[in-house]
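Ligands are counted one by one from 1 in listed order, and the atoms in each one are counted from 1 as well.
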Amino acid sequence: MVKNLKNIKKDLKLTLDKDRYEHTLGVAYTAMCLAMRYEVSLEKAEMAGLLHDCAKCMSDEKKIKKCIEHNISITEIEKEQPYLLHAKVGAYIAMDKYGINDIEIINAILKHTTGSRDMSMLEKIIYVADYIEPNRNKADNLQIIRKMAFQDIDMAVFIIMKDTVQYLKNKNQKIDTHTLRAYEYYKEIIEKRD
Ligand code: DGI
Ligand code: FE
Ligand code: FE
C-alpha cells in the first residue's frame, strides 16, 4: 500500500507517462482552486485530482484483467472502448493500492469520465478540473468554460457535457448511457432556470 501525499505523488510519477503526470498535477491544483471557491475540502480535492487518472497508463488488457479479477462489471460500450474503464479501475486502485476509503473521493474518480446525474460538488469539481486544467489546450470554448467554472459550476458542467457529446457524435463514437443521462439532466437544470 502506498500512503500519504508525497509517496502517492512519487508513485504516480513512476506509473504514469510524463504528460499524464503533468495533467494529473494540473487537475489536482485546479481542483483545489475550485474547492476554495465552492467550500469543499482542499485535501479531498487534491487527492481525487491526483488519483483520478491513476489507471490511465495501464494497457487495455490489464484493465480488463483487473475488472474480471475484482468482479468489476464491464458494459458493452466499455468492451468496445476499454479506455473508459480507467475510471472504474482507477477507483479500485485508489482503494486497493493507495488506501483511500473516502467514498466521496472514490465516487469522484469513478464518475470523472462520463459524469453522472446529480453529482456532488467534489464530483463536479473533478469533472470540470479534468477539462480545464492549464495543460489542456485542444477543446473548444476553453476560455469561456475556465471562467464559467468559477462563476457557475453547473453551467460549466453542462457546457463540457454538451461539447463532449457533440465531439463524440462528430467522431461517430458510441456514447455511454451515463454520459447521455448526465447531459440530459444538466440540460434540464439549465433550461429550468429561465
Ligand atoms: O482521462 P482524460 O483524458 O484526462 O479525460 P477523461 O477521463 O474525461 O476522458 C476523456 C475522453 O473520454 C474524451 O475523449 C471523451 C471520452 N468520453 C467521455 N464520455 C464518453 C467518452 N467516450 C465514449 N466513447 N463514450 C462516452 O460516453
Ligand atoms: Fe480520465
Ligand atoms: Fe484526466
Tyr127 to ligand 1, any heavy atom closer than 4.0 Å: no
Enumerated ligand 1 atoms positioned under 4.0 Å from heavy atoms of Lys56: 1 (O), 2 (P), 3 (O)
His178 touching ligand 1 at heavy-atom level, < 4.0 angstrom: no
Atom indices of ligand 1, in the order listed, that fall short of 4.0 Å to a heavy atom of His86: 1 (O), 7 (O)
Enclosure of Gln143 CD (heavy-atom neighbours >12, cutoff 6.0 Å): no
Mode of Met161 contact toward ligand 1 - side chain, backbone, both, neither (heavy atoms, under 4.0 Å): neither
Heavy-atom protein neighbour under 4.0 angstrom from atom 23 (C) of ligand 1: yes
Which segment of Leu180 sits under 4.0 Å of ligand 1 when only heavy atoms are counted: neither
Whether Asn141 side chain and Ile144 backbone form a donor-acceptor pair below 3.5 Å: no
Protein contact to atom 20 (C) of ligand 1 [nearest heavy atom, distance to 0.1 Å]: Leu168 CD1, 3.4 Å
Under 4.0 Å to a heavy atom of His112 - the qualifying atoms of ligand 1, by number: 7 (O), 8 (O)
Test item, Glu80 contacting ligand 1 (heavy atom, 4.0 angstrom): no
Arg181 bridged to Asp176 by N-O distance under 4.0 Å: no
Residues Arg136 and Asp130 bridged, charged N to O under 4.0 Å: yes
All pairs passing ring pair (Phe, Tyr, Trp, His ring centres under 6.0 Å) where residues 1-41 contributes a residue, at least two apart: His23-His52
Heteroatom distance test (Thr164, ligand 1): nitrogen or oxygen, under 3.5 angstrom: no
Sub-4.0 Å heavy-atom approach of Leu84 to ligand 1: yes
Heteroatom proximity flag, Gln173 to ligand 1, N/O under 3.5 Å: yes
Whether Lys171 lies under 4.0 Å from ligand 1, heavy atom: no
Flag: protein heavy atom within less than 4.0 Å of atom 10 (C) of ligand 1: no
Test salt bridge (charged side-chain N to carboxylate O under 4.0 Å, His left out) applied to Asp60 - qualifying residues, sequence neighbours left out: Lys63
Pair Asp11, Tyr98: side-chain N/O donor-acceptor within cut-off below 3.5 Å: yes
Proximal protein heteroatoms (N, O or S) of the Fe ion (ligand 2), under 2.8 Å: Asp53 OD1, His86 NE2, His112 NE2
Asp176-ligand 1 polar pair, N/O distance under 3.5 Å: yes
Salt bridge (charged side-chain N to carboxylate O under 4.0 Å, His left out) partners for Lys169, two or more places apart: none
Per-residue contact class, Val27 against ligand 1 - non-hydrogen pairs under 4.0 Å: neither
His112 and Tyr127 side chains, donor-acceptor separation under 3.5 Å: no
